[in-house]
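The structure appears right after this line, and notes come after that.
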Amino acid sequence: MDEVLQQVAKMVTEVVGPDFLLGVEITRDTTFSDDLGLESIEFVALADKLNAHYGVDLVAFLADMDIDEIMAMSVGRLVDHITARV
């Protein structure tokens with residue numbers, strides 16, 4: 001699970017750019033919206049990277065959530081989803 005967390009953190013950094021995340025440590029409790037400030041287009045780019053790397057379709061995972069749940073989602077919740085699928 002730590003490996004998946006590290007990979008997700010790496011991909012987030014690639015999507016938003018390392019300069020944007022200066023001093024931000026991505027942990028299981030980090031939220032995509034409040035802590036990382038991901039925009040929807042950045043989240044789509046992250047989903048594409050995760051799909052290419054793990055073969056996990058995040059659209060289906062997110063389809064069951066309302067917009068508030070998606071915006072409040074933590075990195076840990078995404079890591080748990082990926083870990084359960086690979």
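Atom-to-atom distance recorded for Arg28:CZ and Asp2:CG is 8.5 Å, nearest 0.5 angstrom. Atom OG of Ser74 is separated from atom CG of Asp80 by 7.5 Å, given to the nearest 0.5 angstrom. Taking CG of Leu78 as the reference point, atom CG of Leu62 lies at 8.0 Å (rounded to 0.5 Å). For the atom pair OG1 (Thr31) and CZ (Arg77), the distance works out to 13.0 Å, reported to the nearest 0.5 Å.
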For this session: Start with the C-alpha distance between Asn51 and Leu58, add both sets of side-chain angles, then the distance that settles side-chain contact (heavy atoms from CB on, under 4.5 Å), and finish with yes or no.
Result: CA-CA 7 Å; Asn51 188 23; Leu58 294 182; over 6 Å; no
For this session: Could you go through the side-chain contact (heavy atoms from CB on, under 4.5 Å) check for Arg85 and His81 one step at a time?
Result: CA-CA 6 Å; Arg85 302 292 181 281; His81 174 74; 3.5 Å; yes
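Contact record, Glu39 with Glu42: N-OE1, 2.8 Å, taken as the closest heavy-atom pair. For Leu36 against Val75, the heavy-atom pair with the smallest separation is CD1-CG2, 4.4 Å.
Within the 4.5 Å cutoff, the side chain of Val8 has heavy atoms near those of the Leu50 side chain. Looking only at side-chain heavy atoms (C-beta outward), Asp35 and Ile26 stay at 4.5 Å or farther from each other.
Sorted by first and then second residue, the ring-ring contact (aromatic ring centres under 6.0 Å, His included) pairs with a member in residues 36-59 read Phe32-Phe43; sequence neighbours excluded.
Partners of Asp64 by side-chain contact (heavy atoms from CB on, under 4.5 Å), not counting sequence neighbours: none found. Under the side-chain contact (heavy atoms from CB on, under 4.5 Å) criterion, Glu14 pairs with Lys10, Met11, Lys49, sequence neighbours left out.
Around the CD atom of Glu69, the shell of radius 6.0 Å holds more than 12 heavy atoms that belong to other residues, nucleotides or ligands.
In terms of hydrophobic clustering, with Ile, Leu, Val, Met, Phe, Trp and Tyr side chains grouped at heavy-atom distances under 4.5 Å, Leu46 and Val86 are assigned to a common cluster.
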